[in-house]
Amino acid sequence: MSEYLKLADIIAGEIADGTLKPGERLPPQRSFAYDRKIAVSTASRVYTELLRRGLVVGEVGRGTFISGDARRGAAALTEPRGIRIDLEFNYPMLSNQTAIIGRSLAGLEKPAALDAALRQATSVGTPAVRSIGAAYLSQGRWSPTPEQLVFTGNGRQSIAAALAAIVPTGGRCGVEALTYPFIKGIAARLGITLVPLAMDEGGVRPDAVQKAHRDAHLSAIYVQPAIQNPLGMTMTAARRIDLLRVVESFGLPIIEDNVYGFLDDEPPLAALAPDTCIVIDSLSKKVAPGLTLGFIVSPPRLRESVTASVRSGGWTASGFAFAAAERMMGDGTIAELARLKRLDACARQKLAVDRLSGFEIQTNGKCYHLWLVLPPHWRSQAFVAAAARRDIALTPSTTFAVTPGHAPNAVRLALGAPTMDQLDVGLHTLVSILNAREDDFDSTE
């Protein structure tokens, strides 16, 4: 076994037995190398291996720290935890939405309707659901045709199917430097390397795409132009044009995640470049996480590849999901839920911005999450751990960073799950933690 792997295993053992505790800082690599009598290059490989295993996190300008999630491992984000105030998982639920959904689905339990709903479904659905789905997805000047639609069980499956269809195993896909966390696991399972793309206040920078393609030869890019997760920004009109000009000059397809697009008025990039963009959408945010359907709107030239990818991946939606979605899209139920959730998101943002006044935040007044930049005396992992001890779940910046060790000192707050009263209490508690010093907070435990 290589020397660096042996040392990484030793550090991993010290983390496992509690010798090294979550939040504890590792020495600088040069000091580590001197203490262990190894080359600095070997120390660098040890730290990189620990980052790869998720045992440590790197914070820009701060150093390398034992991860608070070390024992939770890679499955940390797969399921909600039993936390009192959940600001980690972003599934907005209205108090009256179950009743609204119930009215739409009334009668689906009757034998004739249920018999049809429980039959085997296909990746392309029925002509009726394709027609209704295309009309429902239309946004502004973007109107997909029914023939473009392919369906999956949920949005993650749609992302996986699109990636598998256009990026070969061993290929590279450009993504926002801070991005939707699950794409990292999806890409790893598909054998795809993600290449981080620098961003600014307008979204992904076109020059970053140029550089990444020149250096790494990309097969595609994945972006979230509307209500970006985790930063909340919506790509500006000028940036959309500039980005598409660069991408089309290289012949790169775009996987466009529009899951949060219902909260904004901007149509997808596909409105400007229908032959370049594969649009991803789902019902989990608009309806509920337990009743969802994934949509892939593909350019005609890629539809067969996408359809084959869905089938080979086993990502076809259930017949019941089709039946429920067809009803709710057709009778306006989902449109009404989306309208109500837009109002709800604005109210929650207003409350959060008010409570967090005086702190640095990045957000969008229309969305269900915000990015909180922490004061210098707090580290991301330590702040998340401190909040957890107050029964509040948050997501550290490391979860969204594509490159290990390049996470800013920040956390994401998801605002959609708690009641408004719970959200208010949670925000007040977070402010009290922010105003305390990390050492002061620890001493009160």
Side-chain angles (χ1 to χ4, degrees), residues 1-78 81 88 172 175 177-196 216 230 374 376 378-389 393-412 438 442:
M1 182 184 292
S2 299
E3 183 179 14
Y4 83 92
L5 289 175
K6 291 179 182 178
L7 285 171
D9 286 345
I10 290 171
I11 301 299
E14 293 175 354
I15 293 171
D17 66 18
T19 303
L20 293 173
K21 295 178 173 54
E24 189 170 337
R25 181 176 177 174
L26 291 179
Q29 292 181 21
R30 288 188 178 277
S31 299
F32 182 88
Y34 179 81
D35 292 341
R36 304 276 175 161
K37 296 180 173 55
I38 58 175
V40 174
S41 60
T42 303
S44 178
R45 296 185 74 183
V46 172
Y47 279 44
T48 299
E49 176 64 14
L50 294 171
L51 283 164
R52 187 190 68 79
R53 298 185 193 182
L55 298 174
V56 300
V57 294
E59 297 179 11
V60 177
R62 304 295 299 271
T64 302
F65 300 85
I66 305 302
S67 172
D69 290 336
R71 290 177 176 81
R72 292 172 61 194
L77 272 181
T78 57
R81 292 175 287 155
E88 181 177 15
R172 297 173 176 84
V175 298
L178 295 170
T179 190
Y180 174 54
F182 283 101
I183 195 172
K184 294 190 284 184
I186 291 169
R189 288 192 294 274
L190 294 173
I192 293 169
T193 298
L194 298 181
V195 179
L374 296 175
W378 274 109
R379 291 173 292 111
S380 178
Q381 289 284 338
F383 187 78
V384 170
R389 291 197 290 273
L394 307 172
T395 312
S397 57
T398 50
T399 300
F400 304 95
V402 175
T403 306
H406 288 74
N409 192 36
V411 294
R412 189 198 72 171
E438 186 175 328
D442 288 340

Open item on the list: I want to check something: taking the side chain as every heavy atom from C-beta on, are L50 and T64 in contact at a cut-off of under 4.5 Å?
Closed with: no

Task: Which residues share a side-chain contact (heavy atoms from CB on, under 4.5 Å) with L374, sequence neighbours left out - done: L372, W378, S380, F383, N409, V411, L434

Open item on the list: Tell me whether R379 contacts the main-chain N or O of G23 through its side chain, where contact means a donor paired with an acceptor under 3.5 Å.
Closed with: yes

Task: All pairs passing ring pair (Phe, Tyr, Trp, His ring centres under 6.0 Å) where residues 16-43 contributes a residue, at least two apart - done: F32-Y47

Task: Partners meeting side-chain contact (heavy atoms from CB on, under 4.5 Å) with T19 (sequence neighbours left out) - done: E14, D17

Open item on the list: Could you check whether any side-chain N or O of T48 sits under 3.5 Å from a backbone N or O of S44, counting only pairs where one atom can act as donor and the other as acceptor?
Closed with: yes

Open item on the list: Please give me the minimum heavy-atom distance between I66 and V56, naming the atom from each residue.
Closed with: CD1-CG1, 3.9 Å

Open item on the list: Go through it in stages, so that I can follow the logic: the residues are T395 and V384, the test is side chain to side chain contact (heavy atoms under 4.5 Å, CB included), and I'd like the CA-CA distance, side-chain angles, deciding distance and then a yes or no.
Closed with: CA-CA 7 Å; T395 312; V384 170; over 6 Å; no

Open item on the list: Working to the nearest 0.5 angstrom, can you tell me the gap between L178 CG and T403 OG1?
Closed with: 9.5 Å

TODO: Go through the structure and list residues passing side chain to side chain donor-acceptor pair (under 3.5 Å) with Q29, not counting sequence neighbours.
DONE: none

- [ ] Grab the two heavy atoms, one from A216 and one from R172, that are nearest each other, plus how far apart they are.
- [x] O-CD, 3.0 Å

All N/O donor-acceptor pairs, side-chain side in residues 179-188, below 3.5 Å, sequence neighbours left out:
from: Y180; atom 1: OH; to: R156; atom 2: NE; distance (Å): 3.3
from: K184; atom 1: NZ; to: T399; atom 2: O; distance (Å): 2.7
from: K184; atom 1: NZ; to: A401; atom 2: O; distance (Å): 3.0

Task: Side-chain donor/acceptor of S397 to backbone N/O of P408, under 3.5 Å - done: yes

Open item on the list: Given the ring of F400, does R412 sit roughly above its face, with NZ or CZ under 6.0 Å from the centre of the six-membered ring and within 45° of the axis?
Closed with: no

Task: For R45, side-chain contact (heavy atoms from CB on, under 4.5 Å) partners two or more places apart - done: Y4

